[in-house]
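As structure tokens, the structure follows; a few thoughts come after it.
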Amino acid sequence: MTPAPRILVLDSGVGGLSILEALKQGLSGCEFVYASDNAAFPYGLKSQAYLVERVEAVLKRLIKEVEPDIIVVACNTASTVVLPSIRDHFKAPVVGVVPAIKPAVALSRTGVIGLLGTPGTVNREYTQALIKEFANDCEIVKVGSSRLVEIAEQALRGSSPDKRELEEILAPLFAADKLDTVVLACTHFPLIVQALKDASPRTVNWIDSGEAIARRVESLIAQNSFHPKPINPNPVNQALPNKTFAPALSTKAIFTKASDEVNSLRGALLKFGCDNIAFCEDIALFEGLK
Ligand code: DGL
């Protein structure tokens, strides 16, 4: 049996759990470590220079701790700015999560597509380049919302999103009559997709990047040979019948700041298989750079 590859999944907050879930659905027998840079949350309101420094520093520290075979930056806000520079710094392959514009274009019949992300992501040059490459003939309606990130964070801590507030956030998308597809360009948003659907005036396609990332990681696993890892004795998931890897293992969740906000997440983390919480607080915050 192939030894379990260890995959580090990083986001600013809980959003990356939507990617962790897709990875667990698509790949069995991998060892996952989830990391939330909650000390620097939210990334959506930070400058590009800050994010480049911060994500690199956080990854350097986590790599020492975790020794991952593959790193997934499960955050559109970070990936759309830090990928080129961080890829040069690390031996482990780095997979970024970026807006699923190409699949949205394939699915849309009207060519009118919504892009719902953080203000940072929807305004990035990287995102603009994706639009130019894959959606040049489409109308892209952009909505950048940091509030929606906050709503998703609170939803995982047990507070139901307010339907009226969601309707207001979504209104600019549905003002475009022909819009038939919305790209969830923030990993937090798939966590509240049902609430978003319930607050929408009509049925549209909602696309996220989860499955594509799982396929990408699967192909990296197939291309690389990974070293054996000590196997955690507490498997939390059963192996899928047709896969060759060992059963998925108990997932560790690492936070960069200990706080009550983390305590209130314990129930949600367990639902995603994160049954072991740890802290890694010794990373510089670059306050001056914000
Ligand atoms: N989950 C992150 C993303 O995919 C954004 C959250 C934040 O603003 O920190 O963009």
Side-chain angles (χ1 to χ4, degrees), residues 8-23 34-55 57-59 71-83 86 94-101 104 114-128 130 142-157 161 169 182-193 195-196 206-214 216 253-257 259 261-262 265 268-269 272 274 283 285-286 289-290:
L8 171 65
V9 179
L10 170 71
D11 183 34
S12 57
V14 297
L17 292 171
S18 69
I19 299 294
L20 178 69
E21 181 64 14
L23 291 169
Y34 187 74
S36 159
D37 184 16
N38 60 325
F41 173 87
Y43 279 178
L45 297 174
K46 302 288 190 301
S47 71
Q48 301 203 14
Y50 179 91
L51 288 177
V52 169
E53 294 249 16
R54 177 70 190 172
V55 174
V58 170
L59 283 177
I71 299 163
V72 178
V73 179
C75 175
N76 293 259
T77 309
S79 296
T80 50
V81 66
V82 305
L83 284 184
I86 59 171
V94 180
V95 177
V97 176
V98 298
I101 288 171
L115 184 64
L116 188 60
T118 62
T121 299
V122 301
N123 293 315
R124 291 260 194 276
E125 264 171 49
Y126 188 104
T127 306
Q128 206 40 52
L130 281 180
K142 297 178 186 171
V143 171
S145 173
S146 289
R147 178 64 194 139
L148 209 47
V149 175
E150 198 58 54
I151 291 171
E153 286 279 330
Q154 292 317 320
L156 259 72
R157 292 173 171 85
I169 293 169
V182 178
V183 178
L184 297 173
C186 170
T187 54
H188 277 74
F189 301 166
L191 299 172
I192 51 165
V193 69
L196 292 171
W206 300 85
I207 310 264
D208 65 61
S209 309
E211 263 184 54
I213 297 301
R216 175 78 192 116
I254 303 178
F255 291 81
T256 55
K257 185 180 166 194
S259 73
E261 289 280 286
V262 175
L265 268 180
L269 287 168
F272 288 88
C274 301
I283 306 162
L285 261 174
F286 315 114
L289 255 179
K290 256 180 196 169

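All of these numbers come straight from a predicted model, not from anything done at the bench. One-based numbering, in listed order, for ligands and for the atoms of each.
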Inset, instruction - Using atom types as modelled and distance alone, determine if a side-chain donor or acceptor of Thr127 lies under 3.5 Å from a backbone N or O of Val122. - result: no

Legend entry - Nearest heavy-atom neighbours spanning Tyr34 and Gly16: OH-N, 2.9 Å

Legend entry - His188 side chain near Glu153 side chain, heavy-atom distance below 4.5 Å: yes

Legend entry - Those residues that, when tested against Ser18, pass side chain to side chain contact (heavy atoms under 4.5 Å, CB included) (two or more places apart): Thr187, Pro190, Leu191

Inset, instruction - Please confirm whether the backbone N or O of Val97 pairs with a side-chain atom of Ser79, one donor and one acceptor, at under 3.5 Å? - result: yes

Legend entry - Proximal protein residues to ligand 1, non-hydrogen atoms under 4.0 angstrom: Asp11, Ser12, Phe41, Pro42, Tyr43, Gly44, Cys75, Asn76, Thr77, Thr118, Val149, Cys186, Thr187, His188

Inset, instruction - Ignoring hydrogens and angles, state whether a donor on the side chain of Tyr43 or Asp37 is under 3.5 Å from an acceptor on the partner side chain. - result: yes

